[in-house]
Amino acid sequence: MARVAIQDDLLTSPLDPLDKIRLAGCKCKACGEVFLGKRFGCESCGSDDLEPAVLSDRGTLYSYTVVYSPLKGNYKGPKDPFQPLGIGMVELPEGCRILTPLTTNDPASLKIGMPMRLVIEPFYQDADGNDVLAFKFGPVSA
Amino acid sequence: MNDVAIIGAGIHKFGRFDNKSYIEIGAEAIRMAVQDAGIAWRDVQAGYAAVAGRELPLNAGPKVAQALGRTGIGISGVDAACASGGVALNHGINAIKSGSCDICLVFGVEKIPRGLMDPTPRYERWQIEMGMSTNPSFWSLSAVRHMHDYGTTETHLAKVAYKNHKYSVHNPYAMYRKSFTLEEIMNSPMVCWPTRLLEICSPNEGAAAVILCSAKRARELTQKPIWVAATVHTMAMYSADLRAPATQMSARVKNENPTTVAGRKAYEMAGIGPEDIDCAELQDTDAFMELTHYEELGFCPFGEAGRMIDSGETELGGRIPVNLSGGLISKGEPIGASHLGQVVFQTWQLRGQAGPVQVPNARVALAQVTGSMGHTAATILKN
């Protein structure tokens, strides 16, 4: 089964094995800001001196919410019926707070500051039959 | 500073109008403003149209204006998300200050369908596919963090919604005009934890319009010119504002949020401070956002917004009444018309025309909106 990333430049290559894939991004050599995915220039200081970066797979939960209202547009998660979706911000050691889906949708199981780990797995199959890989974060203890 | 005045204000009720075209909705607001100004449509020399959504066709603004008569004046559209009305005001003010016209129309119109906004033109494809494409999730992420940092509670959120729903009863131009108990609000369905249905606004349909006039002609045309003392547009600096369509924020860089920046600039332009504001219309897309704006605009220190809603300081009769129109929670949000709707309401306040929610002796009024990409507008009016 062939695999593709949900978006070019978001995941490292190769896309195998799953537990070795990481979030990909870039780092500004002038000011040190790190970004998920590609950037034209540094959004913080304006420098065009960016280098590729691999983001940590561990972080801490900075904030969270759970979406209960059915999502609109081409959402690829469970939607008939819609399953509530946990969304969080995970702070990585690189100093960025990434918006991410969560592995749990129970607000009682989430606590700001808890350690979180990256999960990369097939999310849906595209029109060509490829497994499309997406990311989420989940509590380390779970 | 007293260079440009509002001499006419008009509005079309915000709500759902399945049987009305955007042209009818917009043109009614404009006609009301023109009549309120005591002028004729042919006296208007230029026009700026705030239309922020993708739901209306190209040239929506000009099509609405020309329904009143094809006088050949230049009418152009303004797209700056929630700040569109403020940017359109800026254009009108600059046109008058430059001397190129004396009388200018600024209006906004929108016709957004029911439910959560269509994410397709607003977010990246991967964000939508993964489920990170709903505006309320951003507001809720901020609320949860604020609760953690400052002890803000779900009851504080409900109190904001309770206040705004209560005032909406007096606003015939609001979509929802019903008061709710705190209990009804706290038992309403959850949209994005911890934000509930009765604490959130509805994107909808509506229009608002003002006639701007040079100081030279304002005094001959009206007894009660309302001066635009300041209008500011800014966008969020890097990592300054957690809002659609963000993918991340920074833990290393701290920049001031756009409402604080726009507010400060507006206060400076108007020669006042937050303590001089007699009434404020703020962006309560959801109850929590109103609380943050108290802090961002300098009504209270950061972290104390919960204490402020508890104390009643933002009620009619309090130190700084907020959202006496019922706010976005009651009016709904036709984006392009939203800031101008606030400006129309504040114009009525400063003329003494606000009826049951009149702030006695109102002299200085503030209107603020903020949205996608931190597009923020702040306008200060004086009488």
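Note on naming: letters A, B, ... go to the chains in the order of the sequence lines (proteins, then strands), and numbering restarts at 1 for each one. Here the structure is a predicted model, which means the values were calculated and not measured.
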A.B. asks: Can you tell me how far apart CG (Leu85(A)) and OG (Ser137(B)) are? Round to the nearest 0.5 Å.
C.D. replies: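 Taking CG in Leu85(A) and OG in Ser137(B), the distance rounds to 9.0 Å.
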
A.B. asks: What part of Leu242(B) gets within 4.5 angstrom of chain A, counting heavy atoms only: side chain, backbone, both, or neither?
C.D. replies: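 The side chain, not the backbone.
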
A.B. asks: Please check this pair: side chain of Gln248(B) against backbone of Val34(A), looking for a donor-acceptor N/O pair closer than 3.5 Å.
C.D. replies: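 Checking the backbone N and O of Val34(A) against the side chain of Gln248(B), a donor-acceptor pair under 3.5 Å is found.
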
A.B. asks: Counting only heavy atoms closer than 4.5 Å, note whether Pro70(A) contacts chain B via side chain, backbone, both or neither.
C.D. replies: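 Answer is backbone: N, CA, C or O of Pro70(A) sit under 4.5 Å from chain B.
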
A.B. asks: Under a 4.5 Å cut-off applied to non-hydrogen side-chain atoms, are Met130(B) and Lys76(A) in contact?
C.D. replies: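 No - every pair of side-chain heavy atoms lies 4.5 Å or more apart.
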
A.B. asks: Could you give the distance from OG (Ser133(B)) to CG (Asn74(A)), rounded to the nearest 0.5 Å?
C.D. replies: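 It comes to 10.0 Å.
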
A.B. asks: Which heavy-atom pair separates Met249(B) from Met89(A) by the least distance, and what is that distance?
C.D. replies: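 Met249(B) and Met89(A) have their closest heavy atoms at CG-CE, 3.7 Å.
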
A.B. asks: Can you confirm whether more than 12 heavy atoms, excluding those of Lys79(A), are under 6.0 Å from its NZ atom?
C.D. replies: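 More than 12 heavy atoms, drawn from other residues, nucleotides or ligands, come within 6.0 Å of this atom.
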
A.B. asks: Which of parallel (below 30°), tilted (30 to 60°) and perpendicular (above 60°) describes Trp193(B) and Tyr64(A)?
C.D. replies: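 Parallel.
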
A.B. asks: Which answer fits Met147(B), side chain, backbone, both or neither, if we ask what part of it has an atom under 4.5 Å from a heavy atom of chain A?
C.D. replies: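 Contact with chain A is absent: no heavy atom of Met147(B) under 4.5 Å.
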
A.B. asks: Below 4.5 Å, heavy-atom pairs only: which of Glu94(A), Glu33(A), Gln7(A) has the largest tally toward chain B?
C.D. replies: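 When all of Glu94(A), Glu33(A), Gln7(A) are compared, Glu33(A) has the most.
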
A.B. asks: Please determine which of Pro136(B), Cys192(B), Ser142(B) meets the side chain to side chain contact (heavy atoms under 4.5 Å, CB included) test together with Thr65(A).
C.D. replies: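 With Thr65(A) as partner, Pro136(B), Cys192(B), Ser142(B) yield a single side chain to side chain contact (heavy atoms under 4.5 Å, CB included), made by Cys192(B).
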
A.B. asks: Between Pro101(A) and chain B, with a heavy-atom cut-off of 4.5 Å, which part of the residue counts as in contact: side chain, backbone, both or neither?
C.D. replies: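 Contact with chain B: backbone and side chain both.
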
A.B. asks: Nearest 0.5 angstrom please: Arg97(A) CZ to Ser250(B) OG, how far?
C.D. replies: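 With rounding to 0.5 Å, CZ (Arg97(A)) is 7.0 Å from OG (Ser250(B)).
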
A.B. asks: When you compare the side chain of Leu10(A) with that of Trp126(B), does any pair of heavy atoms fall below 4.5 Å?
C.D. replies: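 A side-chain contact under 4.5 Å exists here.
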
A.B. asks: Which of the residues Thr120(B), Thr247(B), Thr134(B) is involved in the greatest number of heavy-atom pairs with chain A at under 4.5 angstrom?
C.D. replies: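 With the most close heavy-atom pairs to chain A, the winner is Thr247(B).
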
A.B. asks: If you draw a 6.0 Å radius around NZ in Lys27(A), do more than 12 non-hydrogen atoms from other residues or ligands fall strictly inside?
C.D. replies: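 Counting other residues, nucleotides and ligands, NZ of Lys27(A) stays at 12 neighbours or fewer.
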
A.B. asks: Atom OG in Ser63(A), atom CZ in Phe138(B): separation rounded to 0.5 Å?
C.D. replies: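 One gets 12.0 Å once the value is rounded to the nearest 0.5 Å.
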
A.B. asks: Can you measure from SG (Cys42(A)) to OH (Tyr238(B)) and round to the nearest 0.5 angstrom?
C.D. replies: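 Between atom SG of Cys42(A) and atom OH of Tyr238(B) there are 6.5 Å.
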
A.B. asks: Taking atom CD of Glu183(B) as the centre, report whether more than 12 heavy atoms of other residues, nucleotides or ligands fall under 6.0 Å from it.
C.D. replies: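 Result for CD/Glu183(B): open.
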
A.B. asks: Pick one of side chain, backbone, both or neither for Ile98(A), based on which atoms fall under 4.5 Å of a heavy atom in chain B.
C.D. replies: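 The answer is both parts of Ile98(A).
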
A.B. asks: Sort out for me which of Gly131(B), Ser239(B), Pro194(B), Ser140(B) touches chain A most, counting heavy-atom pairs under 4.5 Å.
C.D. replies: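 If we count pairs closer than 4.5 Å to chain A, Gly131(B) comes out on top.
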
A.B. asks: Are any side-chain N or O atoms of Arg252(B) and backbone N or O atoms of Cys96(A), one a donor and one an acceptor, separated by less than 3.5 Å?
C.D. replies: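 Between the backbone of Cys96(A) and the side chain of Arg252(B) there is no qualifying donor-acceptor contact (under 3.5 Å).
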
A.B. asks: Donor-acceptor pair, distance only, cut-off 3.5 Å: does the side chain of Arg125(B) make one with the backbone of Ile6(A)?
C.D. replies: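 Judged by distance alone, yes, a pair lies under 3.5 Å.
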
A.B. asks: With a 4.5 angstrom heavy-atom cut-off, could you sort out which part of Tyr123(B) is near chain A: side chain, backbone, both or neither?
C.D. replies: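 Neither the backbone nor the side chain of Tyr123(B) comes within 4.5 Å of chain A.
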
A.B. asks: Gly73(A), Gly88(A), Gly32(A): which one forms the most heavy-atom pairs within less than 4.5 Å of chain B?
C.D. replies: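 The candidate making the most pairs under 4.5 Å is Gly32(A).
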
A.B. asks: Counting heavy-atom pairs under 4.5 Å with chain A, which one of Met132(B), Glu124(B), Met237(B) comes out on top?
C.D. replies: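 Greatest number of close heavy-atom pairs with chain A: Met132(B).
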
A.B. asks: Is Tyr124(A) close to chain B through its backbone or its side chain, or both, or neither, when contacts mean heavy atoms under 4.5 Å?
C.D. replies: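 Interface part for Tyr124(A): side chain.
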
A.B. asks: When you compare the side chain of Glu129(B) with that of Tyr75(A), does any pair of heavy atoms fall below 4.5 Å?
C.D. replies: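 They are not in contact (no side-chain heavy atoms under 4.5 Å apart), so the answer is no.
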
A.B. asks: Highest number of heavy-atom pairs under 4.5 Å with chain A: which of Asp118(B), Thr195(B), Val144(B)?
C.D. replies: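 Counting heavy-atom pairs under 4.5 Å, the top option is Val144(B).
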
A.B. asks: Sort Glu91(A) into side chain, backbone, both or neither according to what part of it lies under 4.5 angstrom from a heavy atom of chain B.
C.D. replies: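 Just the side chain, heavy atoms under 4.5 Å.
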
